[in-house]
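Here the structure comes first, spelled out in structure tokens, and everything after it is commentary.
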Amino acid sequence: MERNYDYTKIEKKWQDIWDEKQTFAAKNDYTLPKFYGLVEFPYPSGQGLHVGHPRSYTAIDIVSRKKRLEGFNVLYPMGWDAFGLPTENFAIKNHIHPSIVTENNIKNFKRQLKSLGFSFDWSREVNTTDPSYYKWTQWIFLQLFKKGLAYKSKMSVNWCTSCKCVLANEEVVNGVCERCGSEVIHKEKSQWMLKITDYAEKLLEGLDTVDFIDRVKTQQRNWIGRSYGTQVTFNTNLGDKFDIFTTRADTLFGATYMVMSPEHPLISKWADKITNYEQVKEYQTLAAKKSDFERTELAKDKTGVKLEGVTAINPVNNTEIPIFISDYVLISYGTGAIMAVPAHDTRDWDFAKKFNLPIIEVVAGGEDVQKEAFTDCQSGVLVNSDFLNGLSVEQAKIKIQEWLCEKGIGTVKTNYKLRDWVFSRQRYWGEPIPMVYCEKCGWVPIDESELPLVLPNVDSYEPTDNGESPLAKMTDWVNTTCPHCKGPAKRETDTMPQWAGSSWYFLRYCDPHNDKELASKEALEYWAPVDWYNGGMEHTTLHLLYSRFWHKFLYDIGVVPNAEPYSKRTSHGMILGENGEKMSKSRGNVVNPDEIVKNYGADTMRVYEMFIGDFEKAAPWSQASIKGSKRFLDKVWALFDILSDEKGYSKELESEIHRTIKKVTEDIEGLKMNTAIAALMTLLNSIQGKKSITRDEYKTFLILLNPFAPHITEELWEMCGFDGMLNEAKWPDFDEAKCVDSTVEIVVQINGKIKARLNIAADISAEEAIALAKQQEAVSKEISGKNIIKELYVPKKLVNLVVK
RNA sequence: GCCGAUGUGGUGGAAUAGGCAGACACAAGGGACUUAAAAUCCCUCGGUAGCAAUAUCGUGCCGGUUCAAGUCCGGCCAUCGGCACCA
């Protein structure tokens with residue numbers, strides 16, 4: 001027999017068989033126990049598959065293959081998140097319709113995925129750009145609109161200067177566009193918004209009910225940013241009242257000035273009362289011009305203007321205090337105005353120092369507040385605060401809140417950092433928003449029977465400089481009749497963001513060909529929720545949050561049976577280039593999966609990517625290390641040469657086999673693929689040492705390895721003449737009692753230092769073990785004439801004698 | 001600044017109800033086979049001292065708890081990721 005197996009031939013052979021037999025199609029038998037494994041469907045880019053994709057896909061493929069062998073009805077689907085800018089930009093450059101570009105890219109991706117032997121159910125493939133799919137994306141939008149959760153609003157939005165398109169807050173990273181890295185500026189635009197803020201509390205609470213890795217939960221919690229505080233009403237010398245939000249109502253006596261955001265509506269109302277209004281207006285203009293980038297870069301230096309002629313009255317002591325405007329107060333958070341307590345807030349302290357404002361200590365316990373703000377709320381006692389004096393911060397918060405509520409000038413309030421989701425994009429390649437504007441009736445949804453509202457063909461996909469979608473030029477399409485009054489009306493020309501289609505795709509997989517509903521009730525009740533979802537950390541506050549929001553909404557309107565879409569969420573680390581840097585064309589460190597499949601085979605690629613390191617951590621690619629995985633599979637292949645006719649497990653291997661079954665079974669569930677493979681390698685080394693393998697030993701080994709290396713194991717299974725196909729076999733059981741050897745080696749320590757090794761029966765008593773240990777020559781020598789203070793026996797591990 | 005994570009050989013990484021640090025690999029060195037190379041097989045492989053048995057140090061740094069600390073506690077340092085004037 002050949003030493004090295006012909007992976008190219010074997011892999012093709014089994015991929016064809018799986019395809020032909022529909023081996024991995026999920027069954028519609030809803031009486032079976034189910035497992036729904038999910039990975040993020042890719043954006044089919046022109047570059048093809050990245051070696052990072054298979055890391056996630058292989059891991060859940062392994063879990064799915066194991067679950068099938070354990071008797072589960074498994075749904076492991078794949079599809080295409082195909083709307084998006086790169087395709088559109090490619091189409092513009094090369095004058096090809098985006099749908100054709102998409103089709104070609106999908107073809108290439110599909111070929112690559114198939115070449116890696118993933119057990120996807122291809123009969124359930126979905127494509128977000130298919131009208132029969134986005135019909136339901138549009139349908140969900142209409143339901144959101146009907147429930148008042150989609151609204152159009154003119155507001156200042158993030159605008160990417162290069163994409164010529166608005167961005168959601170989640171898409172702005174460090175003041176630049178998440179996708180292209182270009183500058184993001186603010187622009188007043190009328191945009192469709194989704195009220196994700198209505199779900200802030202539910203999105204937070206839901207996190208307590210799901211099994212997501214902690215860093216995902218923490219990041220979502222931080223992003224939603226809940227804080228409990230008090231809303232307090234301040235009066236002014238003009239009699240106009242305004243509200244502020246504070247989490248430190250206990251420091252109210254220390255408020256020495258107020259700050260409003262430059263965009264605060266009261267400022268224009270006070271135009272003729274403010275004596276330095278020109279100066280104020282100038283500051284407002286300046287603040288508006290700043291990009292996000294400048295705002296964050298210049299964050300340290302506080303600027304502002306005092307409103308001359310208007311003062312606020314502190315309700316606790318009726319003191320008149322000045323009002324400033326400054327861009328360190330944001331209009332979009334809280335009430336857009338704050339009370340400033342420089343003694344106990346660093347930002348207020350900086351501002352007070354710059355403008356020479358009084359700093360009054362109201363919480364004692366820190367250093368001199370003239371030198372530094374004292375912000376600790378754990379220690380410290382209230383001073384200079386009348387009826388709050390002597391209380392702790394926590395006590396004072398409660399007391400002042402009661403006092404304010406009683407006077408009717410304060411309420412308990414919860415605020416969130418989360419903002420509503422800007423949902424329109426001024427681009428072509430996205431789902432049309434199914435809304436019509438009528439002069440008489442306002443925004444009117446199109447009738448559900450008219451869905452899908454198909455994206456029309458246009459001559460040019462170029463984004464326009466005036467900030468309109470390319471669809472705006474299609475007057476035939478734009479001009480329509482109002483569904484309500486039948487009068488003339490215009491269609492919405494913006495499209496949905498890339499995140500729309502992916503916000504519910506996992507539901508479609510349950511029933512992908514249904515043209516009556518997004519998925520049938522029965523299908524959803526059986527398959528939902530997703531049992532295990534693996535994906536990238538970069539989607540934590542984007543796709544993962546958005547899809548939870550949509551799902552919760554669909555739950556509220558009775559479309560889906562569960563409040564949370566995913567039971568379990570894990571995340572893989574990135575695969576870096578050989579030099580430890582992120583893989584990118586410009587760094588020239590990109591590895592093409594096709595090359596690896598060609599030179600080493602899909603099974604080696606799969607094993608290598610799982611063996612590369614801790615699944616959750618980033619790991620650099622190593623061309624040299626792949627050889628180790630290839631060698632391992634070559635050795636597994638070579639075991640066939642030493643296959644005996646014997647059945648059962650041999651005596652010398654029995655306990656090791658049981659241990660390996662246990663280890664692999666548990667490690668797969670814990671995503672510790674690297675140690676599962678290491679355990680298989682160790683077992684292989686033991687088998688090689690024995691120079692023969694029984695049929696049952698080989699059988700068990702092949703089943704355990706099958707999820708990792710499905711092709712070679714199927715081939716060997718067939719060569720051995722085992723029953724049926726390996727993918728129909730049963731996952732082996734292990735016997736806990738057989739996992740331990742009857743004798744074990746323990747170490748004997750004296751004062752914690754190893755002095756001897758000893759083979760003893762595993763179930764020996766402590767007394768016997770210690771007695772045996774003392775008989776060891778190296779030990780008796782050490783303890784003779786000394787006092788034994790303490791004797792310890794840790795079963796199956798060690799004996800430690802403490803002597804003096 | 002806040003939140004989270006990480007720090008172990010030449011490299012990727014194992015090992016936490018505290019119990020033999022370095023599993024499993026890669027690379028490197030030596031040997032076998034070969035005309036030769038590749039492949040394969042065998043041996044060595046944390047530092048220092050020693051021919052060796054062995055001794056001694058060693059899991060970012062400093063301290064503590066313990067018979068015993070990579071693991072627990074306190075205090076630092078460094079790196080990475082997220083958020084960032086959120087009141």
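In what follows, every heavy atom counts, from backbone to side chain, and hydrogens, waters and symmetry copies are set aside.
- Distance noted for atom P between C72(B) and C26(B): 32 Å (whole Å).
- In this model, the phosphate group of A87(B) is approached by a side-chain N or O of Ser227(A) to a distance below 4.0 Å at OP1 or OP2.
- Set against A27(B), C24(B), G82(B), the side chain of Thr682(A) has C24(B) as its closest nucleotide.
- Taking atom P in both G29(B) and U79(B), one finds a spacing of 34 Å when rounded to whole Å.
- Nucleotides U59(B) and G7(B) have their P atoms positioned 14 Å apart, rounded to a whole Å.
- Atom name C1', nucleotides C61(B) and C77(B): the rounded distance is 6 Å, in whole Å.
- Glycosidic conformation of G9(B): syn, with the torsion inside 90° of 0.
- In this structure U59(B) sits in no base pair that meets the Watson-Crick or G-U test at under 3.5 Å.
- Using modelled atom types and a 3.5 Å distance limit, the side chains of Asn415(A) and Ser227(A) yield no donor-acceptor pair.
- A side-chain donor-acceptor contact under 3.5 Å links Thr197(A) and Asp420(A).
- Partner assigned to A36(B) is none, using Watson-Crick or G-U wobble distances below 3.5 angstrom.
- Between Trp421(A) and Tyr199(A), the gap from one ring centroid to the other reaches at least 6.0 Å.
- Summarising the base pairing, U8(B) is matched to no nucleotide, lacking a Watson-Crick or G-U wobble pair whose two defining distances lie under 3.5 Å.
- Pairing of A28(B), defined by two Watson-Crick or G-U wobble distances under 3.5 Å, is identified with U44(B).
- Remark: C83(B) base-pairs with G1(B); criterion is Watson-Crick or G-U wobble with both hydrogen-bond distances under 3.5 Å.
- Lys755(A) comes within 4.0 angstrom of the backbone, heavy atoms only, and of no base.
- Separating the P atom of C20(B) from that of A69(B) is a span of 11 Å, rounded to the nearest Å.
- Here Lys413(A) does not pair with Asp243(A) in a salt bridge; the nearest charged N to carboxylate O distance is not below 4.0 Å.
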Verdict with reasoning, Phe374(A) to Trp349(A), per ring pair (Phe, Tyr, Trp, His ring centres under 6.0 Å): CA-CA 10 Å; Phe374(A) 176 57; Trp349(A) 191 91; over 10 Å; no
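- G13(B) and U6(B) have their C1' atoms separated by 14 Å, with the value rounded to a whole Å.
- A residue-by-residue look at Ser625(A) and Lys617(A) shows that Lys617(A) has its nearest nucleotide of RNA chain B further toward the 5' end.
- Using atom P as the reference point in both C62(B) and U8(B), the two lie 16 Å apart (nearest Å).
- For U11(B) and G1(B), the C1' atoms lie 36 Å apart once the distance is rounded to whole Å.
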